[in-house]
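The structure appears below as structure tokens.
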2 protein chains.
Amino acid sequence: MKEEAEIYLEFWYDFASSYSYLATVQIGAWAQVRGIAVRWRPFLLGPTFESQGWNSSPFNIFKRKGDYMWRDMERCAALYGLTFQKPLHIFPQNGLLAARVALCLPDGVQRGTFTKRVFQAEFAEGKDIAEWGTVVRILEDMAQDASVILPQSQSEFIKGILRSYTKEAESKRIFGVPSFVTPDGELFWGHDRLEQALNWCSGDAAR
Amino acid sequence: MKEEAEIYLEFWYDFASSYSYLATVQIGAWAQVRGIAVRWRPFLLGPTFESQGWNSSPFNIFKRKGDYMWRDMERCAALYGLTFQKPLHIFPQNGLLAARVALCLPDGVQRGTFTKRVFQAEFAEGKDIAEWGTVVRILEDMAQDASVILPQSQSEFIKGILRSYTKEAESKRIFGVPSFVTPDGELFWGHDRLEQALNWCSGDAAR
């Protein structure tokens, strides 16, 4: 039997990121059509921002850019047929709990489904994803046992994985999210580069 | 006779901007197909950057983002079938002369052609657009009289137009280039939003 190397695309995201919501909703179906596996890579972008001297999202620091981003999100969501609601009170939200819980779920369908539902809660349903209740309801909807997963998410093992993903993102020179990294090391930044990244994986694109 | 309002899209750019090169090459043909007139709006982005505390392009200040931009430019140019060459010595180049000369040419085909050729000189041919020789050659290729236009470009009248465009860009809350502004005031940022902007003008898009 011939063994075929799996074609995959790494999807790097921070649960606080608005544009990651758009990518999260699209990537699963788009990748499946092309036979590309998605590797779900939640991490914390905060340290990267801090290393640039930013103590918040650049969308808060650079107000004009931030105002634009929310309008662009509205328009893009309308184009893609997605529900979108600007978080009323908090941006960026604290995505630490969601990231740790995501890492308790196996990479693939389960982590992908959880990720999508967290972003929907945050950017379509006006929920605070830092609240345990929000995460518990998502896990229950997925028929997962929250009473097992939540304590596990606070374990040193899971914290360690999140730290190692965050370091790996640094080493891959990721500076914003969503980002996509191909097996041959090409970095694509922005939900609007998702199609290019997938084409790159398939070898369709000009290379 | 019925008078029809012209459908137009304002195209705001700074001659130093790499991504404006990509938009410049595409916008003419894409707009023409849709019956949309392009209003060419060169201006100086420097004051906006300075108001954010930046004394250079953010692609120089944030090195990782800058490295990414050059790779992204290479890939996008390859996708679009464009020649692209990273400027060897200077980035961003000084686009003041080019902007003033552009404003000596009537808005429309002539200003558009000049704009395209300047960006090609800068990002495809390794030329320095701050040099008078570069601009003179472009004007001569266009059968324009450089000996009339260059002195005119240094007149108070033309300087004033450039200042007023730069103020207008500020008032339209432009924070980066290329940007596109529709007659009803929608702002789109990035060459990768050009199609959305044109669709918006045509009334094709979700609004």
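Every chain is numbered from 1 and lettered A, B, ... according to where its sequence line falls, protein lines coming before strand lines. Predicted model only: the values in this text are computed from it and were never measured.
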Which members of residues 167-176 of chain B, sorted by number, sit under 4.5 angstrom from chain A on a heavy-atom basis?
-> B:E170, B:R173, B:I174, B:F175

Parallel, tilted or perpendicular: rings of [Y] and [X] (30°, 60°):
X      : Y      : result
B:F91  : B:F59  : tilted
B:Y68  : A:W189 : perpendicular
A:F123 : A:Y21  : parallel

Among B:F15, B:W40, B:F114, find the residue that satisfies the ring-ring contact (aromatic ring centres under 6.0 Å, His included) test when tested with B:F119.
-> B:F15

Based on non-hydrogen pairs under 4.5 Å, which of B:C76, B:G190, B:G81 is most in contact with chain A?
-> B:C76

A:Y8 ring centre to A:R39 NZ or CZ under 6.0 Å, with the angle to the axis within 45°?
-> yes

Between B:R75 and A:E186, is there a side-chain N and carboxylate O pair less than 4.0 Å apart?
-> yes

